[in-house]
Amino acid sequence: MNLEALNGRLLFAIPKKGRLHERCLELLAGADIQFRKSNRLDVCLVINHPIALVFLPAGDIPSFVGNGNIDLGITGHDVVIEAKMQEKVTEVQRLGFGKCALQVQVPEQGPIKTAEDLAGKRVVTSFEILAAEYFNKIDDQLSLVGDQRTKIQYIGGSVEAACALGLADGIVDLVESGDTMRAAGLHAIATLLQTEAVLIKSNTPSRADHAPLINLIASRIAGVVAADTYVVCSYNITRASLPQAIQITPGRRAPTVSPLEESDWVDVSAMVKKKNCATVMDQLVKVGAVDILIYKLDNCRV
Ligand SMILES: Nc1ncnc2c1ncn2[C@@H]1O[C@H](COP(=O)(O)OP(=O)(O)OP(=O)(O)O)[C@@H](O)[C@H]1O
Ligand SMILES: O=P(O)(O)OC[C@H]1O[C@H](OP(=O)(O)OP(=O)(O)O)[C@H](O)[C@@H]1O
């Protein structure tokens, strides 16, 4: 591809591998952003929009977007903060995947029980900025100076092996299911932050006239995320029980209520969070709703 092909295109960064990659490809498909990527090339043109996708490591995306080299990106909230880019990018939308926590972990059987116990010792992490900020505060509170202060060492991956290898007394790393942590004989003693994947845009975009396209993409992505988060719940209920039912299914704005041929009955439909669906159905049954149906959403605009 020659560089001129990129001229005037909106640049959109996508994690090239790792935990966020597959879900990002699903999001692009749901937003009808079509592209054909050749194996070795990390830049490709979108067929149906003036956009070029740039595939980068998730951790590098905040700086590219923050410094205005790239207009839009998907990455983790954690790496936006780690790259100190929170002032230079806007988090347009949380994406509902890549959810995990950045935690302080120590050997389960060891003497260290709190982050204060770990202060002054050796901590290995891929999040050296966040870990340093966290332990600096604790070191200050404990009035640790010079060699007494916590030693933070950066490594690029497999951080959980550091304690067993004798490199560290504790680590700061991401935890989702906790399987990696437990397999390494570690447990969490403190949480630095909760994170998930986010859509970010540059606060210093390359061109002001990209704004409508950025808004279009953001709105499509918000629709795909909402379609994944919500289902439509529809049921029949008597008018007398309608006020109680509406409290259970208030909808995003308001439920749709349509009359049935039987005069004291109505049909109600409302968007309900997928994760609450079973509880909502139980509650509807209790207030007398019948013919309760749940519909999956393929896509939507909210
Ligand atoms: N276990 C996890 N569960 C959910 N989200 C995660 C998990 N691990 C990482 N993430 C999210 O994904 C982002 C990228 O992490 P990941 O380790 O996949 O990236 P990478 O280092 O580019 O890939 P790789 O580990 O393949 O080298 C993290 O910054 C975090 O936001
Ligand atoms: O709590 P869990 O569900 O076990 O997930 C946590 C693990 O996931 C991430 O690493 P990943 O597997 O992406 O590989 P990496 O160590 O190469 O970054 C993270 O660094 C942890 O090691």
Side-chain angles (χ1 to χ4, degrees), residues 12-28 37 39-43 53-66 70 72-86 88-108 123-134 152-165 167-201 221 225 228-229 275:
F12 188 0
I14 303 295
K16 66 182 282 183
K17 61 183 177 68
R19 296 274 181 155
L20 306 181
H21 177 71
E22 279 300 321
R23 293 298 301 270
C24 285
L25 296 188
E26 286 168 23
L27 212 53
L28 293 177
K37 180 180 178 303
N39 249 349
R40 304 298 312 160
L41 265 186
D42 285 333
V43 180
L53 299 178
V54 188
F55 291 86
L56 294 170
D60 292 340
I61 291 176
S63 313
F64 277 103
V65 176
I70 288 184
L72 205 57
I74 296 177
T75 189
H77 169 70
D78 52 337
V79 289
V80 172
I81 308 291
E82 175 66 15
K84 296 187 170 170
M85 285 293 149
Q86 60 270 43
K88 293 187 162 190
V89 306
T90 300
E91 295 191 358
V92 180
Q93 163 91 44
R94 292 181 180 192
L95 300 175
F97 61 89
K99 287 186 179 176
C100 52
L102 185 63
Q103 296 191 309
V104 182
Q105 303 162 39
V106 293
E108 225 164 351
V123 173
V124 161
T125 184
S126 300
F127 291 83
E128 53 182 341
I129 302 292
L130 280 162
E133 266 174 21
Y134 182 79
I152 310 283
Q153 190 194 340
Y154 172 86
I155 61 170
S158 302
V159 173
E160 65 283 350
C163 293
L165 293 174
L167 288 174
D169 302 295
I171 64 167
V172 171
D173 199 12
L174 296 170
V175 178
E176 185 202 12
S177 63
D179 288 347
T180 307
M181 174 172 76
R182 282 187 292 275
L186 304 171
H187 72 141
I189 55 170
T191 299
L192 278 65
L193 60 78
Q194 302 285 344
T195 179
E196 73 180 87
V198 285
L199 176 70
I200 55 172
K201 69 174 181 184
I221 287 179
V225 173
D228 206 36
T229 311
K275 66 174 193 281

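Both ligands and their constituent atoms are indexed starting at 1 by order of listing. Atoms considered below: every heavy atom in the structure, side chains included; atoms not considered: hydrogens, waters and symmetry mates.
Panel note: side chain K17, backbone H21; no donor-acceptor pair is recorded below 3.5 Å.
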For F12 and L199: C-alpha separation, side-chain torsions, deciding distance, then whether side-chain contact (heavy atoms from CB on, under 4.5 Å) applies. CA-CA 10 Å; F12 188 0; L199 176 70; 4.0 Å; yes
Show me the short polar-atom pairs for ligand 2: any N or O of it lying under 3.5 Å from a protein N or O, with distances only.
from	atom 1	to	atom 2	distance (Å)
ligand 2	1 (O)	E176	N	2.8
ligand 2	1 (O)	S177	N	3.1
ligand 2	1 (O)	G178	N	2.8
ligand 2	3 (O)	S177	N	2.9
ligand 2	3 (O)	S177	OG	2.6
ligand 2	4 (O)	T180	N	2.9
ligand 2	4 (O)	T180	OG1	2.5
ligand 2	8 (O)	R19	NH2	3.1
ligand 2	12 (O)	R19	NH2	2.8
ligand 2	13 (O)	R19	NE	3.0
ligand 2	20 (O)	D173	OD1	3.3
ligand 2	20 (O)	D173	OD2	3.4

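The side-chain heavy atoms of V104 and V172, taken from C-beta on, include a pair separated by under 4.5 Å. In this structure, V65 and M85 have side chains that are not in contact, with every pair of non-hydrogen atoms separated by 4.5 Å or more. Taking the side chain as every heavy atom from C-beta outward, I221 and L27 approach each other to under 4.5 Å. Taking the side chain as every heavy atom from C-beta outward, F127 and L192 never approach each other to under 4.5 Å. With contacts defined as side-chain heavy-atom distances shorter than 4.5 Å, the pair P15/I61 qualifies.
Sorted by first then second residue, the side chain to side chain donor-acceptor pair (under 3.5 Å) pairs that include residues 190-200, not counting sequence neighbours, are D78-T195, Q103-T191.
Listed by chain and residue number, the protein contacts of ligand 1 are K17, G18, R19, L20, A58, G76, D78, V79, G98, K99, C100, L174, E176 (heavy atom within 4.0 angstrom).
Remark: E176 engages no residue in a side-chain hydrogen bond (donor to acceptor under 3.5 Å, both in side chains) (not counting sequence neighbours).
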